[in-house]
Amino acid sequence: MKFLDLAKVYIRSGGGGAGCVSFRREKFIEYGGPDGGDGGRGGDVWAEAVEGLNTLIDFRYQQHFFAKSGQHGMGSQMTGKSGDDIVLRVPVGTEILEEDEETVVADLTEPGQRVLLAKGGNGGFGNLHFKSSTNRAPRNANPGLAGVERTLWLRLKLIADAGLVGLPNAGKSTFLAAVSNARPKIADYPFTTLHPNLGVVGIDGHEFVMADIPGLIEGASEGRGIGDRFLGHIERSATLLHLVDGTSEDVAGDARTVLTELEAYSPVLMAKPRVTALNKIDALDDETIAERKAQLEAEIGTPVMLMSAVAKQGVTDVLRALWSRIQPTRHQDSNDDVDAPWRP
Ligand SMILES: Nc1nc2c(ncn2[C@@H]2O[C@H](COP(=O)(O)OP(=O)(O)OP(=O)(O)O)[C@@H](O)[C@H]2O)c(=O)[nH]1
C-alpha cells in the first residue's frame, strides 16, 4: 500500500447564474409585467471525513475540483438550475491547510464531519425582483456572484495505535507483514520503507492499527534521513514498539541512537509507553541472546522482550504487551469522546 500524506488541491466553487430581464408576452396581453427569473446558485465545494480511507493517494490523480456554475435565470419566472455541490472525501484525521501550508482551515477528526471550503456564488436577481410601484417595467437584473477559488493542502497524520520505531533494517516491515494485513515491501537494505505502512493487527479478539515508520538514523530529527518526516505520524499513537536488530554487534548503541532521535524530535514521543524487543533471535545462539538482552536492558533500564518476526517467535507476547498499553487509552477515548483514534 502506497501512502501519501500531503496533497495539494485546487478548488473552485461555481459562480451564480445571472438574473434574467424578460417581460411577459402573451396574446391579448399588452404590456405584460416583468417575468425574468433569478440565476441559480453556484455549487459549493465541501470536504468530508469518511471511514475506510487511510491515504490521500486519490488526490495525486485528481487535483482540480471545480463545482458547476448556476444556470442563468429565464423568462416566465424560471429560476436557473443550481450547480451541484462537490464533496472531497478525505480520510478521518485529515487537516486542511491554506496555501501557506501553515494556517489550518479545518481538522477533520470525526467520520461524517464536513467543512465548507468554497461557497457557491448566489444567483443574480431577475427583473421580476425589481418591480415596484414606481417602476413597473424594470430593465435591470443582477449578474450572479463569482465563485471562490482556493489552493489548499490536505495533510493526513496517521492516527495509529502503535508506532514501530527502530534503525533501518531492524525488521519493522517484516514484523508488520507477519502480524497484520499490511504487505509492505521488504528488502535487505536500509530505507525500503519510503512510505509509512498501516496494518490492522488482531490479538485476543481485539484489533489495533500499527504504523511502520521509515528507519531512523542519527540526526533524523534535524532533517537527516527520512525518518523525521514521518515521526509526526506517530505523535498521537498510544504506544511505541522499539525493535532492535539482535544481529547487530552494538545493540546498546543502536537503541541509544533511536532514543536520542525520539527525544530530540519530541518529548511527547519519548514519554509514550514503549515496548522494546530484541528481534531476529532466530539467527542467534542462546548465549548471544542472553548477552545482548542484558546489554540492551542495561542501556534502556527496562525489560526487553525477545522476538523473531521471521520465525514468529515471541510475536504474540509482544502484541499482548502493546495491546495492554493501548487498551487504557481506548477506554479514555470513549469516555471523553474527544480525539478518538481512527478505526478502520
Ligand atoms: N533472521 C531474521 N531476519 C529478519 C527478521 N526480521 C527481519 N529480518 C530481515 O532483516 C532485513 C530487514 O528487514 P525489514 O523488515 O525490511 O527492516 P525495516 O526495519 O523495515 O527496514 P527499513 O524499511 O529500511 O526501515 C530483511 O532482510 C529481513 O528479512 C527476523 O526475525 N529474523
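We count ligands from 1, going down the list as the structure has it; atoms in each ligand are counted the same way.
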Which atoms from ligand 1 have a heavy atom of Thr174 less than 4.0 Å away? 6 (N), 7 (C), 13 (O), 14 (P), 15 (O), 28 (C)
So the atoms of ligand 1 within less than 4.0 Å of a heavy atom of Ser308 turn out to be 31 (O)
What one should report as the nearest heavy-atom pair of Gln295 and Val251 is OE1-CG2, 3.5 Å
Looking only at distances, can you tell me whether any N or O atom of Ala311, backbone or side chain, sits closer than 3.5 Å to an N or O atom of ligand 1? no
Find all atoms of ligand 1 within a distance of less than 4.0 Å from any non-hydrogen atom belonging to Lys172, and give their numbers and elements. 15 (O), 17 (O), 18 (P), 19 (O), 20 (O), 25 (O)
For ligand 1, is Gly166 a contact, meaning one of its heavy atoms is under 4.0 Å away? no
Should you measure from each heavy atom of Ser173, which atoms of ligand 1 turn up under 4.0 Å away? 15 (O), 18 (P), 20 (O), 23 (O)
Contacts of Glu297 meeting side chain to side chain donor-acceptor pair (under 3.5 Å) (sequence neighbours excluded), chain-then-number -> Lys293
Polar side-chain atom of Asp38 near backbone of Gly126 as donor-acceptor pair, under 3.5 Å: yes
Indicate, as side chain, backbone, both or neither, the part of Asp282 found under 4.0 angstrom from ligand 1 when only non-hydrogen atoms are considered. side chain
Of the backbone atoms (N, CA, C, O) and the side-chain heavy atoms from C-beta on, which set of Asn279 has a member under 4.0 Å from an atom of ligand 1: side chain, backbone, both, or neither? side chain
Return yes or no for this condition: an N or O of Ala283 is under 3.5 Å from an N or O of ligand 1. no
Using a 3.5 Å cut-off on N or O atoms only, is Phe175 in polar contact with ligand 1? no
Should Val310 be counted as touching ligand 1, given the test is an N or O pair under 3.5 Å? yes
Looking at every heavy atom in both Val21 and Arg139, which two are closest together, and how far apart are they? CG2-O, 3.6 Å
Counting distance only, does the side-chain N/O of Ser248 pair as donor-acceptor with the main-chain N or O of Asp250 below 3.5 Å? yes
Counting from 1, what ligand 1 atoms have a heavy atom of Ala309 closer than 4.0 Å? 31 (O)
Aromatic rings His64 and Tyr10: how do their planes relate, parallel, tilted or perpendicular, breaks at 30° and 60°? parallel
Value for CD1 (Ile281) from CD (Gln313), rounded to nearest 0.5 Å, stands at 4.0 Å
Nearest non-hydrogen partners of Gly73 and Cys20, listed with the distance: O-CB, 3.2 Å
